[in-house]
**Q** 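The following block contains the structure, expressed as structure tokens.
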Number of protein chains: 2
Amino acid sequence: MNFQQLRIIRETARRDFNLTEVANALYISQSGVSKHIRDLEDELGLQLFVRRGKRLLGLTEPGRELLPVVERLLHDASNIRQLAEHFTRKDEGRLAIATTHTQARYRIADLVSQFVREFPKVRLEIVEANPQAIADRLLSGEADIGIATESLGEVPELVAFPFYRWRHAIVVPHGHPLLALPAPALADIAAYPIITYHEAFAGRRRVNEAFRLAGIVPNVILSAVDSDVIKRYVELGLGVGIVSPIAFDPRRDTQLQQLGGTPLFPENTTVIAVRRGHFLRSFGYRFIELCAPELAGDAVRAAILDDDR
Amino acid sequence: MNFQQLRIIRETARRDFNLTEVANALYISQSGVSKHIRDLEDELGLQLFVRRGKRLLGLTEPGRELLPVVERLLHDASNIRQLAEHFTRKDEGRLAIATTHTQARYRIADLVSQFVREFPKVRLEIVEANPQAIADRLLSGEADIGIATESLGEVPELVAFPFYRWRHAIVVPHGHPLLALPAPALADIAAYPIITYHEAFAGRRRVNEAFRLAGIVPNVILSAVDSDVIKRYVELGLGVGIVSPIAFDPRRDTQLQQLGGTPLFPENTTVIAVRRGHFLRSFGYRFIELCAPELAGDAVRAAILDDDR
DNA sequence: GATGCTTACGATACCCGTAAAGATA
DNA sequence: TATCTTTACGGGTATCGTAAGCATC
């Protein structure tokens with residue numbers, strides 16, 4: 001048993017049991033992949049993968065049991081390397097943030113520029129993805145920190161910290177009839193076509209929920225991943241936009257206006273999430289602190305690393 | 001970085017930084033040990049060990065941080081092998097129980113013979129040790145299951161299940177004056193020399209506590225690890241014995257008699273402990289179930305393996 | 001026929017042990 | 001001086017890639 005074999009096992013499960021892909025992903029020859037799998041299976045005395053002829057189809061029962069242990073082991077190996085770098089090059093390295101478009105474009109932009117000034121030697125990677133993909137990236141170790149509004153808090157392998165709370169805002173073009181109402185209700189809004197986020201995003205579920213509770217079926221004519229896309233189509237007069245308020249800036253979005261009145265949608269909490277037991281470099285903790293000053297100090301570190309062992 | 005290097009790091013910390021001992025323990029040459037340590041330090045780019053000249057003295061700060069991760073990683077490697085054996089040879093393997101003399105001799109003797117009948121192919125190893133050493137063996141992976149009355153429950157890396165509750169019994173030779181009292185008190189007993197367990201053992205702390213609360217300083221003339229030793233000296237008239245009631249059998253200990261009356265000492269709980277995240281073979285769980293039938297099923301397994309990751 | 005996995009074979013790198021030399025107590 | 005660690009060197013093995021062969025789709 002060696003690390004390479006375990007890496008191959010993990011990658012095989014991730015790459016849908018296509019050994020050629022595994023070989024490419026790990027920059028090794030495909031024959032080596034085959035042999036390593038066979039060797040490890042021989043050593044353990046059991047089959048990890050279900051085969052039909054020469055093709056691999058999936059994990060066997062023992063394979064399913066073993067995989068989580070293999071993943072934890074490899075994660076610890078990566079932690080060891082991270083920890084070493086942490087001591088040798090305190091302010092150098094890589095920090096991968098996975099987040100949604102809206103956060104990347106609006107909420108964390110200033111924080112990122114501040115972070116880059118503070119840590120010029122850190123390679124900062126910001127990957128945009130939907131909340132599910134963000135969670136996957138955190139779990140696989142591709143990303144260090146995830147920021148999103150939905151679902152991250154529900155994954156048990158992740159630790160989520162509250163970042164900020166917000167409610168959806170409603171934006172319309174100038175002169176829109178809704179602007180004449182002092183306190184527009186959901187029913188008023190639903191009289192127009194709706195443009196808002198895609199199902200997997202930014203608290204879209206909360207929007208749906210509010211309409212469902214009011215017994216209204218809104219006419220959502222366009223769902224987008226991206227606040228800018230939404231605003232653009234609202235500008236074009238295609239409908240009423242329901243967006244995150246951080247994506248609306250009266251000075252820049254001169255063709256749009258935000259509706260006033262009482263809150264119509266439930267509150268959302270955007271969270272910062274890290275995989276449990278993931279070793280974050282000190283600048284990673286600093287990034288979290290830049291996001292939310294109250295998330296400073298050892299409490300965050302303890303929450304991430306405390307694994308009861 | 002490879003497994004051998006990590007094993008060497010772990011063993012070096014365990015063997016007091018004597019590389020010759022490490023080499024012997026791992027059945028490799030000490031030049032190999034030296035080289036592996038140096039290679040790993042070079043790869044990580046930092047020193048793991050404090051050196052004076054050529055001698056190793058201890059762990060550096062990074063070394064101290066890394067060691068727990070290394071230990072968890074190696075533990076997972078062993079879990080992988082255990083898990084594989086679990087699937088290939090369900091009823092074969094090794095089960096190491098670390099326990100105190102009293103438990104081994106009295107409480108679990110029948111359970112052990114039943115276990116051996118049930119799993120004739122399992123090599124059962126019972127190691128006697130004091131509670132602290134039992135905890136160490138569980139943590140190092142030398143033992144799978146630990147049974148003791150003290151301290152195991154206080155180690156956070158261990159999961160402890162209640163086995164049974166008991167109070168110390170007082171034994172004296174036939175015709176002893178204490179037998180004449182209907183309900184002897186602590187002060188009556190303390191009038192005689194006391195023979196009981198050694199400090200680290202079998203709830204001795206509770207005995208001390210009872211006397212302390214009563215404001216009495218007992219004259220403990222003999223402390224033993226072993227209930228049989230205590231009983232022998234009580235038989236010889238050297239004093240009053242305070243032992244675990246499971247060690248007293250009226251039919252066999254014909255020269256001794258147990259004092260009646262109200263309980264004088266606080267209750268003890270003997271526990272069964274396993275290291276958190278340790279992979280127990282199915283017959284290991286069966287052993288626990290034999291000890292305490294209420295500790296059956298998946299709850300025990302979940303408590304051991306649930307590590308929040 | 002295209003894709004995917006295995007086997008065969010040779011080069012390289014790595015791991016290990018012996019032996020000698022150097023440090024430390 | 002005895003114990004302990006490092007360095008040097010050589011043999012054996014493991015690992016890897018190329019290339020050919022063989023299933024599977």
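In the text below, chain A, chain B and the rest are named by the order of the sequence lines, each starting its count at 1.
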**Q** What distance do A:Leu59 atom CG and A:Leu56 atom CG have between them, rounded to the nearest 0.5 Å?
**A**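 Interatomic distance, A:Leu59 CG to A:Leu56 CG, rounded to 0.5 Å: 9.5 Å.
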**Q** Among residues 20-29 of chain B, which ones have heavy-atom contacts with DNA chain C below 4.0 Å?
**A** B:Tyr27, B:Ile28, B:Ser29
**Q** Hey, could you give me the CZ/CD distance between B:Arg94 and B:Glu85, rounded to the nearest 0.5 Å?
**A** 10.0 Å
**Q** Establish, with yes or no, whether the OP1 or OP2 oxygen of C:dC5 is under 4.0 angstrom from a side-chain nitrogen or oxygen of A:Asn18.
**A**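 Looking at the OP1 and OP2 atoms of C:dC5, one of them is under 4.0 Å from a side-chain N or O of A:Asn18.
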**Q** Mind running side chain to side chain contact (heavy atoms under 4.5 Å, CB included) on A:Ile8 and A:Ile37 for me, showing each step along the way?
**A** CA-CA 7 Å; A:Ile8 287 170; A:Ile37 291 178; 3.7 Å; yes
**Q** What is the separation between atom CG on B:Asp42 and atom P on D:dT6, rounded to the nearest whole Å?
**A** 12 Å
**Q** As an exercise, state the distance from CG of B:Asp42 to NZ of B:Lys35, rounded to the nearest 0.5 Å.
**A** 9.0 Å
**Q** How long is the gap from CG on A:Leu138 to CD on A:Glu157, to the nearest 0.5 Å?
**A** 11.0 Å
**Q** Please give, in whole Å, the distance from D:dT5 P to B:Arg15 CZ?
**A**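 After rounding, the gap between these two atoms is 14 Å.
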**Q** Could you give the CG-to-C1' distance, from B:Leu57 to C:dT24, as a whole number of Å?
**A** 11 Å
**Q** To the nearest Å, give me how far apart CD1 (A:Ile37) and P (C:dC5) are.
**A**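 Rounding to the nearest Å, CD1 of A:Ile37 and P of C:dC5 are 9 Å apart.
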**Q** Starting from C1' on C:dC15, measure out to CZ on B:Phe3 and report it in whole angstrom.
**A**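 That distance rounds to 16 Å.
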**Q** Can you see if the side chain of A:His36 gets near the phosphate of D:dA14 - specifically, an N or O under 4.0 Å from OP1 or OP2?
**A**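 No, because none of the side-chain N or O atoms of A:His36 sits under 4.0 Å from OP1 or OP2 of D:dA14.
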**Q** Any chance you could lay out the salt bridge (charged side-chain N to carboxylate O under 4.0 Å, His left out) test for A:Arg64 and A:Glu61, step after step, and finish with the verdict?
**A** CA-CA 5 Å; A:Arg64 273 197 300 280; A:Glu61 164 69 19; 3.0 Å; yes
**Q** Kindly indicate whether the side chain of B:Arg55 and the base of D:dT5 share any N or O donor-acceptor pair separated by less than 3.5 Å?
**A**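 Checked by distance alone, the answer is no.
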**Q** Could you check whether the rings of A:Phe283 and A:Phe115 sit parallel, tilted or perpendicular, using 30° and 60° as the cut-offs?
**A** perpendicular
**Q** Rounded to the Å, how far apart are B:Arg52 CZ and D:dT5 P?
**A** 13 Å
**Q** Can you tell me if the side-chain N/O atoms of A:Gln4 get under 4.0 Å from OP1 or OP2 in D:dA14?
**A** no
**Q** For the pair A:Glu71 and A:Arg10, find out whether any cationic side-chain nitrogen is under 4.0 Å from an anionic carboxylate oxygen.
**A**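 No, A:Glu71 and A:Arg10 are not salt-bridged.
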**Q** Take atom CZ of A:Arg7 and atom C1' of D:dT15, then tell me their distance rounded to the nearest Å.
**A**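 Taking CZ of A:Arg7 and C1' of D:dT15, I get 13 Å after rounding.
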**Q** In whole angstrom, give the distance that lies between atom CG of B:Asn2 and atom P of D:dA14.
**A**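 Answer to the nearest Å: 14 Å.
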**Q** For nucleotides 6-12 of chain C, give me every protein contact, N/O to N/O, under 3.5 Å, one pair per line with atom names.
**A**
residue, atom, partner, partner atom, Å
C:dT6, OP2, A:Ser34, OG, 2.2

**Q** Taking the side chain as every heavy atom from C-beta outward, state whether A:Gln30 and A:Thr20 have any pair of such atoms under 4.5 Å apart.
**A**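 Yes - at least one pair of side-chain heavy atoms lies under 4.5 Å apart.
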